[in-house]
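Right, one structure below, let's go through it.
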2 protein chains.
Amino acid sequence: MSEANKTGFRDVKEEILERLRDRTWGPGDLLPREIALAEEFGCARTTVNRALRELSDEGLLERKRKAGTRVRMSPLRSARFEIPLIRDEIEASGSVYRYRLVSQQIMQAPDWLCARLDLGDNAQVAHVRCMHFSGSAPYQFEDRWINCGIVPEIGSTTFEQESPNEWLVREVPFSNAEISFFAAAADTAMSEFLQVQNGEAIFASERATWREGNPVTLARMYFQRGHRMTTYY
Amino acid sequence: MSEANKTGFRDVKEEILERLRDRTWGPGDLLPREIALAEEFGCARTTVNRALRELSDEGLLERKRKAGTRVRMSPLRSARFEIPLIRDEIEASGSVYRYRLVSQQIMQAPDWLCARLDLGDNAQVAHVRCMHFSGSAPYQFEDRWINCGIVPEIGSTTFEQESPNEWLVREVPFSNAEISFFAAAADTAMSEFLQVQNGEAIFASERATWREGNPVTLARMYFQRGHRMTTYY
DNA sequence: CAGTGGTCTAGACCACACA
DNA sequence: GTGTGGTCTAGACCACTGC
């Protein structure tokens, strides 16, 4: 009665973490079976299972049937980055979000885009460029291509008032995506819109999304150097 | 008997995903209660619970006691990036991993580092710089600071044969971390070691780790422009 | 073939948040 | 107060995989 009243999966998780920290179980070591741990902690196997499963998802343990649960040799940890709407991101920081359309046109997809998204030869796409501001400061320059074959309504939509991302989230059902981060050198457009010098380092993120195997959109988003994607674990 | 034999949480998850895709349940909508879904799918509530919990973890649904389960307005999705040991990363790509120590010295922590990691005034740190190669190509330049107060063995360790990261993983128990990605301009050292021009865009990642609230190490890792952190969801 | 994790079940109680 | 999700339990069967 002086200790915690019940043993939840969080307690189990915390205790196991503690034993990983103090090296009771070091890299490569085999942990006791779930049943044994359940007995030790005085809880159901299901509870231990959930704790171990989550630790395994987080990259700290490695589990195999018959072979048991082991501490990972090199703690292959995974970092999670939240990808919010840019408006939410800016407003959450306490600033005012502003948006401006730079250009919008329908055109034949350029070759590199066809290759990148596996588009057909004569695919029509909408090319949209726009700026996102945090207060009066330029925050992100967005360069986006949208597949007219999958999203025909694009032809009669203007992005003067609303950003293509918000429009897509609302109008186009949910899709799969690939995200990547990299660095680039500012070209003429970027340096103008982000107010940096030509050739200066730029932080960039690229997102490609598909709907049921069909390419929907490719977006490149550019930030001033120093912009950070951060996470904790 | 012509359909699937059993309804697992994966089946439930997939069916719910399908209904999100076809807008049976659109942004902001309220889903049926777990019990109702369990009846509909012919499974236990626990099974539905797990499916919904995972979808909620992935950022697609929002759940509140009493209020029920709703489709998120803007699908705040989260991307997971795996953070492997650099040796594993390079060897997984089929290349040979090579390592070279650039410099190693014990010194008084500079002010900016004290501020960054919340170190005491007279803290001693080890400053280690090293290169990681993929085959013969420069892959990553690492600039790392290690807190001697927490890791005193550092004084008698040389990183000529082994990279500080591998040493830390092996010797220092498990810790919390903060990771971020950003872009930088190559300074003299980076341009020399990564074989790029001075001022050129560089992709950078910074990792700070703590052990029980005490700062252990701060590492900045620089890659040639074009290096990508990629993930799918 | 046998041992371990993976999952499902039916039922129970709890904790929170809204009215 | 009361309804919903959050979690635990005890037991069961299945599926992989190492021997």
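First the proteins, then the strands, lettered A, B, ... as listed; each starts at 1.
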Next item on the list: May I ask you to check if B:Arg228 and A:Phe182 form a cation-pi contact, with NZ or CZ under 6.0 angstrom from the six-membered ring centre and within 45° of the axis?
Entry: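 Yes; both conditions hold, so B:Arg228 lies above the ring face of A:Phe182.
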Which part of the nucleic acid, if any, lies within reach of A:Thr47 when heavy atoms closer than 4.0 Å are counted: base, sugar-phosphate only, or nothing?
->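 It contacts sugar-phosphate atoms only.
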Hydrogens and angles aside, do [X] and [Y] bring a side-chain donor and acceptor to less than 3.5 Å of each other?
X        : Y        : result
A:Ser78  : B:Arg80  : yes
A:Thr217 : A:Arg144 : yes
B:Tyr97  : B:Glu89  : no

Pairwise side-chain contact, B:Leu61 with B:Leu52, heavy-atom cut-off 4.5 Å (strictly under) |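 B:Leu61 reaches B:Leu52 side chain to side chain.
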Any protein N or O atoms within reach of nucleotides 2-4 of chain D? Criterion: under 3.5 Å, listing atom names and distances.
residue	atom	partner	partner atom	Å
D:dT4	OP2	B:Arg33	NE	3.0
D:dT4	O2	B:Lys66	N	3.2

In whole Å, what is the span from the CG atom of A:Leu30 to the P atom of C:dG3?
->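 It works out to 15 Å between those atoms.
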- Rounded to the nearest angstrom, tell me the gap between atom CZ in A:Arg45 and atom P in C:dG5.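 About 7 Å, once rounded to whole Å.
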Fill in: Non-neighbouring partners of B:Arg50 that pass salt bridge (Lys or Arg N to Asp or Glu O under 4.0 Å), sequence neighbours left out
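B:Arg50 satisfies salt bridge (Lys or Arg N to Asp or Glu O under 4.0 Å) with B:Glu54 once adjacent residues are dropped.
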Requested in this report: Answer yes or no: does atom CD of A:Glu153 have more than 12 heavy-atom neighbours from other residues, nucleotides or ligands under 6.0 Å?
Outcome: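 Check passes, neighbour count above 12.
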*asked:* Just N and O in the side chain of B:Arg10: are any of them under 4.0 Å from OP1 or OP2 of C:dG6?
replied: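 Answer no for this pair, as no side-chain N or O of B:Arg10 is under 4.0 Å from OP1 or OP2.
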Within residues 54-63 of chain B, find the residues that approach DNA chain C with a heavy atom at under 4.0 Å, and present them sorted by residue number.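 Nothing qualifies; none.
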Practice problem: State the pairing partner of C:dA10; accept Watson-Crick or G-U wobble contacts with both distances under 3.5 Å, and report none otherwise. | Solution: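 In the structure as shown, C:dA10 has D:dT9 as its Watson-Crick or wobble partner.
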| Side chain of B:Asn49 (C-beta onward), nearest among C:dT9, D:dT7, D:dC8 |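 The answer is D:dT7.
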Among the nucleotides D:dT7, D:dT9, C:dT9, which one has an atom lying closest to any side-chain atom of A:Arg50?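 Closest nucleotide to the A:Arg50 side chain: D:dT7.
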